[in-house]
Each structure stands twice: as C-alpha cells, then as structure tokens.
Enquirer: 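This is the structure, below, for whatever I ask next.
Convention: sequence-line order gives letters A, B, ...; per-chain numbering from 1. Here the structure is a predicted model, which is why all the values come from computation and not from measurement.
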There are 2 protein chains.
Amino acid sequence: MRPTVHDIAAAAGVSLATVDRVLNQRPGVRHVTREKVEKAIREIGYVRDVAAANLAKGRTYPLVFILPASDNSFMHGLNDEVRAAVARSPVERTDIRTLEVPAFDPTALVRVLDELGKERPSGIALVATDAPEVRDAVDRLVQDGIPVVTLVSDLTGSQRHHYAGVDNIAAGRTAARLLGRFLGGATGEIAVLAGSMLVRDHRERLEGFASVMAAEFPLLSILPVIEGRDDPEMAHMLVADALSKKSGIIGVYSLGAGNRGLIRALKEKAVDRSLTVIAHELTTHTRAALLDGTIDAILNQDAGHEVRSAIRVLKAKADGLAVIEAQERIRLDIFLKDNLP
Amino acid sequence: MRPTVHDIAAAAGVSLATVDRVLNQRPGVRHVTREKVEKAIREIGYVRDVAAANLAKGRTYPLVFILPASDNSFMHGLNDEVRAAVARSPVERTDIRTLEVPAFDPTALVRVLDELGKERPSGIALVATDAPEVRDAVDRLVQDGIPVVTLVSDLTGSQRHHYAGVDNIAAGRTAARLLGRFLGGATGEIAVLAGSMLVRDHRERLEGFASVMAAEFPLLSILPVIEGRDDPEMAHMLVADALSKKSGIIGVYSLGAGNRGLIRALKEKAVDRSLTVIAHELTTHTRAALLDGTIDAILNQDAGHEVRSAIRVLKAKADGLAVIEAQERIRLDIFLKDNLP
DNA sequence: CCAAATCTGATGTACGTAAATCAAAATCTA
DNA sequence: TAGATTTTGATTTACGTACATCAGATTTGG
C-alpha cells in the first residue's frame with residue numbers, strides 16, 4: 001500500500017498537524033522538526049496523492065491560451081483543439097480561457113502578458129512572437145512563479161518552462177533531404193514560400209533547409225524566399241508569378257501556412273512541369289493536394305497533441321510535479337499519400 | 001460548479017442512497033424510480049468524479065501485459081516501457097504484471113489467456129500471435145467483460161476493444177513509396193527481409209509494400225522474401241548470401257527485427273554498391289546506421305506511446321469511459337538522419 | 001524563574017463518492 | 001387486510017488530503 005500522511009507522522013514521531021505544516025510549507029515548525037519530517041518523507045518514499053489533494057482543495061487549474069488572430073487553417077485547427085480541451089475541462093479540473101492577439105505584434109502580446117501577471121492564473125500557453133520585449137514579459141511571469149509554455153513557436157533565450165512544438169530546424173533539414181532525394185540527381189532551382197521571417201519557426205525551418213541543401217545537394221539552388229504572410233491570396237499571386245518567370249524551378253518548399261494559394265498556383269501553372277513539392281501542415285487542402293499528386297509530402301505538427309501536452313505540462317508545473325519527457329516531445333509527422341490518418 | 005450526487009438526488013426527488021444504487025447498478029430500485037434518476041442525471045449533466053470515486057473505492061487497476069519472449073531490441077524496448085509504467089503505478093493507481101510467453105506460439109498464449117479469465121484483472125494487453133484459437137480466447141475474455149487491447153500486432157476478426165499499434169499496411173506502402181522515390185527512375189531488384197510471415201504485422205507490411213511497388217514502380221522487382229526469424233545471426237547470413245548472389249539488388253526493405261545482422265551484412269558486402277535501404281524500428285543499431293548512411297530511412301512505432309496508450313484505454317474501458325481517439329492513434333514515425341529524437 | 005513567544009498535538013470538518021446498515025414506507029401476495 | 005416482500009430513506013464511515021482552531025508543551029528572553 002502506498003504510504004500516506006499518517007505513515008509520515010508515525011515514522012517521524014510527530015503529529016499529523018505538523019506533517020501537514022511541513023508538506024504545505026506553513027509556518028510554525030522548528031527547523032529540526034521540519035528536517036525530521038522531511039527525512040521521514042524521503043525514507044518511506046511518500047508521494048502526495050494529487051487526486052485526493054485536489055479534491056480536498058476543490059482545486060481547479062485556471063489556464064490561459066494566447067493565440068494569434070490569424071486566418072489560416074492551422075490556427076483554426078489549433079483553436080478547435082483548445083475548444084476540445086475546454087469541453088474536457090470538468091473532468092480535467094481545468095478552467096481554460098482563450099485570448100486572441102493580433103499576429104506578429106509584440107506590443108499587443110506584451111500588454112496581454114503583463115495583465116495576466118496580475119491575474120495570476122495557474123498557467124499560460126502562448127504562441128510566441130519572437131521579440132526581446134516578449135521574452136522579457138514572459139521572464140517576468142516566470143520569475144513571478146507562473147508556469148509558462150510556448151506553443152508552436154518558441155521564444156529565443158527566454159525562461160519559459162517548456163516548448164510544446166516541433167524542432168523546426170530539424171523540420172527544415174528533413175524537408176531538404178526529402179526534396180533532394182525525391183529529385184534524384186537532377187539540377188535546378190527550388191522555390192521557398194514562407195509566411196514571415198519575423199516568426200522564429202519559419203526562420204528556423206529555412207535555416208535547416210538551406211544548410212542541408214548547401215551541404216548535400218549542390219546541384220539544387222534555392223531562390224530568394226517568397227514571403228506570403230501566411231495569406232492564401234498573397235501566396236497565390238507570388239507563387240504564380242515566380243513559376244511564370246522562372247522556368248528552372250523543379251521543386252517547391254512551402255514552410256508556412258497559406259497553402260491554399262500555393263496549391264491553386266501549382267494547378268494553374270505547373271500541371272505539366274512535374275514539380276516536386278513539400279509543404280507544412282496537414283489541412284483539408286494540403287491533404288487533397290497530397291492525394292492528387294500536387295504535393296509529394298507534408299510535414300505536420302499535431303495541434304491536438306500540442307494543446308494536450310501544454311495542458312499536462314502546465315498542470316504538472318503548477319503542482320511542482322515531473323512530466324514524462326518522451327510523452328511531451330512533439331514529433332514531426334511526415335505524411336506521404338500512403339500514411340495519412 | 002460541477003453537479004454532484006447530491007444535486008441528482010435533489011433534482012430527482014429521491015435520496016442519496018437511491019442515487020447511489022442507480023449509479024452503481026445495485027439492486028433494489030423500482031424501474032420507474034431508476035428512470036427518474038437517470039433522467040435527472042442526463043438533465044443536469046452529471047459526470048462522476050472519477051478521482052473521488054477511485055479514492056472512495058481505494059481502487060487500483062490490476063493490469064496484465066503479455067509479451068513474447070523475443071530477444072530483439074524492439075521487444076526489449078517494449079519491456080522497458082512497461083517497466084517505466086510500473087514505476088508510475090502508485091500515481092496512476094495501476095498494478096501492472098508482465099507475463100512472458102514463447103513467441104509465435106498460439107497454444108501457450110491461449111493457455112495464459114484462459115487462466116487470466118479466472119483471475120479477472122481490470123484489463124489485459126497482449127502482443128497477439130494471429131491465430132484463430134487466440135482470437136477465440138480473446139473473444140471469451142471480452143464476452144466475460146474484461147477489457148482487452150492488442151499491442152503492436154493485431155488479431156484478425158477479434159472483438160478486442162482496441163489496437164495499440166501502427167497501421168502496418170500503411171507502413172508497408174509508405175516504405176515502398178519512399179524507396180521508389182529515393183531510387184528515382186532506376187531499374188533493379190529489391191530484397192525484402194522479414195521476421196516471419198506468421199505474424200500479422202509482418203504480413204501486412206509486405207502486402208502494403210508489394211501493392212504500391214507493383215502499382216507505381218514497375219521498374220523495381222521484389223525478390224522472394226527472406227525470413228530471418230527476427231534473429232540477427234540468421235538475418236546476417238541470409239542477407240549476405242543474397243547480396244553475393246544477386247548483383248541486381250539496388251534496394252532493401254527490412255520490415256521486421258534483427259536489423260543488427262542486416263547492417264553487418266550491408267557493411268561487409270555492399271559498401272561500394274550504394275544501396276537504398278529502409279528498415280523498421282529505431283534502435284541503437286539502426287540509429288547508428290542511419291547516421292552513417294547505411295540506412296536511408298527508418299520507420300518506427302513508439303513503444304512508449306503504445307504502452308501508455310494501452311494503459312489509458314484499459315483504464316477507460318474498465319470505467320466505461322470514452323477515450324480521446326486522436327490521442328490513442330499510434331503514428332508511423334518516419335526518421336531520416338535529420339529528425340532523429 | 002516567570003512571562004511571553006514559539007512550537008506542537010489533538011481534533012474536527014470538508015471535498016465527492018462508495019458502501020454498508022437499519023428503519024420506514026410502499027407494494028405485492030394470499 | 002394481515003403479513004411478507006420489495007423499495008426507499010436516513011445515516012454513518014471511509015478514502016487521503018487540506019485547513020482551521022484551540023489547548024498544551026517547549027523554548028526563549030529578560
């Protein structure tokens with residue numbers, strides 16, 4: 001049987017009340033007594049029954065998700081997953097609130113973060129815009145003892161407790177190798193479509209992509225990055241233009257969102273050119289394009305996993321508990337037309 | 001505030017005791033009263049607080065994992081993950097026991113399953129040997145109300161509640177497409193190394209592999225399958241032999257275990273031949289081979305995820321609760337040298 | 001050594017549910 | 001309608017922890 005507070009009391013030769021004072025760091029315990037109790041805790045291997053503790057406390061975990069107000073499929077999917085988590089709230093004892101902030105706007109994000117500092121929720125998950133002032137705001141929260149995890153996009157040099165997202169450098173490298181291998185030993189140009197170089201995940205993907213390309217596929221040259229602002233219309237225009245002008249393009253790497261526009265451009269301008277195309281994020285549009293052969297591979301991050309992981313980590317940090325590291329690692333999913341879920 | 005049993009009692013106009021009788025399907029409640037209570041439960045949207053219920057019951061979940069006594073890295077890894085779950089037992093209220101049975105031995109497996117039927121654990125997870133008598137034994141357990149999940153390898157036509165493993169047909173198809181694409185438009189022969197055609201996962205991988213190869217890569221022909229019994233020594237001998245005799249081999253698909261032997265054979269016989277190689281299961285050996293270029297891609301199933309998923313599902317089934325489907329889907333991981341964890 | 005301050009023990013209630021007991025009420029049977 | 005039977009209510013204890021209160025013990029300062 002698992003040891004309880006009574007066992008600690010017996011082992012340490014003190015009363016239940018004293019054990020409670022030590023466990024919940026309440027005042028009024030002499031130093032030596034405290035040590036005696038802590039020793040007993042270690043020796044009998046006591047671990048607090050979190051379920052019982054939460055029951056007694058009537059505890060819930062007020063959590064806040066800060067998401068960018070972006071109108072693309074990926075962010076919509078992320079939003080859906082947060083809503084699904086809200087639906088599970090009663091069972092998981094969470095109390096989740098979602099805040100929308102303008103995308104790519106550090107100032108707005110900082111303002112929201114600073115306000116949350118006063119409110120002191122049990123935990124905060126945010127899709128970070130990678131700017132020094134955001135990093136400082138997050139670090140203030142962390143210093144204040146509020147658990148913070150970054151979601152999807154990380155925050156350079158910050159003290160955030162955890163990052164629930166994929167390794168984007170690895171994603172870029174993987175895309176490069178897949179593209180390089182799929183193209184056999186061909187010579188030609190590669191077009192790269194990004195959202196914005198202001199977000200860290202896109203920068204990192206590009207960095208990984210370029211480094212593997214340079215090192216291992218010297219016959220393929222990367223054209224200047226097209227920035228489509230994750231917007232389908234803009235992406236369509238820019239990609240169509242590039243395809244018209246550059247006849248040497250034999251491959252495309254789309255590392256951001258807005259793939260709806262990319263796919264349309266490909267169908268209009270390149271049906272006959274048999275391009276090899278790799279894109280990020282599995283959505284209804286990219287899925288259809290993968291199945292009909294317009295896209296050759298999709299790299300994906302599972303938004304549901306990211307949200308669930310963020311919640312688990314925030315709850316664990318709020319209770320000062322350990323997490324199962326391997327469970328919280330967000331994988332880079334690679335989908336070909338054969339292994340779609 | 002979330003509704004409690006007291007709220008049901010008030011809403012239905014009955015006593016707490018009656019509510020308890022209905023909730024825990026105890027006898028002694030008239031049909032009309034039962035209906036009245038059930039209606040109230042639905043109307044106020046009551047959901048049992050599982051944590052509180054488990055606390056009151058002092059409940060633990062006795063679970064049994066049945067694993068084959070195979071001496072390969074994958075099964076060792078699976079074993080490690082079960083042990084890790086045992087270490088978490090106090091927190092998760094599980095009480096996990098592992099049983100080893102001879103591999104590929106339906107009779108032994110049936111004997112063990114039948115005995116567990118008497119013992120009535122809260123749930124059973126097994127790596128199934130795909131045979132009718134095993135299926136029948138599992139179905140008896142299910143009929144008896146014992147939750148059963150298959151792990152890694154599924155059981156054809158059985159009533160098991162869940163399968164915690166990858167879609168092996170999709171895995172084979174994916175391997176075929178990767179291999180076909182990596183080989184560009186080359187012409188040649190593909191060697192396939194399997195463990196045994198007696199286990200369903202290997203059969204399915206081959207099936208998926210062969211179908212995509214035939215349909216989409218007609219220039220590549222599949223050689224007769226080499227069965228290495230998941231044994232490194234045997235695999236080494238057979239593969240080395242094949243490489244010596246067949247000079248037309250340009251690709252290898254290893255769909256089972258025993259990759260240690262395969263890798264040794266490749267290094268001895270094929271350093272100069274630049275074969276394209278795809279293997280299953282990420283182990284220290286395959287990881288090293290991927291990094292040094294001997295292997296081009298590894299398809300993997302995450303044993304840790306499989307074990308944790310099996311436990312979650314068994315617990316949920318034991319309590320009659322729903323699971324988060326997406327969370328329990330075991331993905332096919334594709335590793336290139338760039339996205340290794 | 002006494003009073004004041006500090007520390008410790010004993011005890012009770014609460015969280016939401018399970019499970020048991022016993023009494024009372026309702027229903028059924030003859 | 002009496003008596004047996006079934007159904008329902010009321011109440012209590014328990015699970016492991018949190019938290020509060022008050023009394024008693026020990027330590028500290030002067």
Enquirer: How does each nucleotide of nucleotides 14-30 of chain C score, in 5' to 3' order, for protein heavy atoms under 4.0 Å: base (B), sugar-phosphate only (S), or none (-)?
Expert: -BBBSB-B-----S---

Enquirer: Which whole-number value in Å describes the distance from A:Ile41 CD1 to D:dT17 P?
Expert: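 Roughly 11 Å, once rounded to whole Å.
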
Enquirer: Looking only at side-chain N and O atoms, does B:Thr18 come under 4.0 Å of OP1 or OP2 in D:dG9?
Expert: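 Indeed, a polar side-chain atom of B:Thr18 lies that close.
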
Enquirer: Identify, with sequence neighbours excluded, every residue that meets side chain to side chain donor-acceptor pair (under 3.5 Å) alongside A:Thr129.
Expert: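 Scan of A:Thr129 (side chain to side chain donor-acceptor pair (under 3.5 Å), adjacent residues dropped) gives none.
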
Enquirer: Once salt bridge (charged side-chain N to carboxylate O under 4.0 Å, His left out) is applied, what residue pairs with a partner in residues 24-33 of chain A remain, sequence neighbours excluded?
Expert: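 Checked against salt bridge (charged side-chain N to carboxylate O under 4.0 Å, His left out) - neighbours excluded - the pairs reaching residues 24-33 of chain A are A:Asp20-A:Arg26.
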
Enquirer: Tell me whether B:Arg329 is salt-bridged to A:Asp302, with the criterion being a basic N under 4.0 Å from an acidic carboxylate O.
Expert: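 Between A:Asp302 and B:Arg329 there is no salt bridge, as every charged N stays at least 4.0 Å from the carboxylate O atoms.
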
Enquirer: Send over the distance from A:Arg59 CZ to D:dC19 P, rounded to a whole Å.
Expert: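 Rounded to the whole Å, the gap is 10 Å.
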
Enquirer: Going by the rule salt bridge (Lys or Arg N to Asp or Glu O under 4.0 Å), which residues pair with B:Arg93 if we only count those two or more places apart in sequence or in a different chain?
Expert: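 Here the qualifying residues are A:Asp49.
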
Enquirer: Just jot down the side chain to side chain donor-acceptor pair (under 3.5 Å) partners of B:Asp154, sequence neighbours excluded, or say none.
Expert: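 Checked B:Asp154 against side chain to side chain donor-acceptor pair (under 3.5 Å); matches are B:Thr150, B:Arg160.
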
Enquirer: Can you check the A:Lys36 NZ to D:dT26 P distance for me, whole Å?
Expert: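 Computing the A:Lys36:NZ to D:dT26:P distance gives 12 Å.
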
Enquirer: Could you name each residue pair satisfying side-chain hydrogen bond (donor to acceptor under 3.5 Å, both in side chains) that touches residues 133-142 of chain B, not counting sequence neighbours?
Expert: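 Every side-chain hydrogen bond (donor to acceptor under 3.5 Å, both in side chains) pair that includes a residue of residues 133-142 of chain B, provided the two are not neighbours, is B:Asp114-B:Arg140.
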
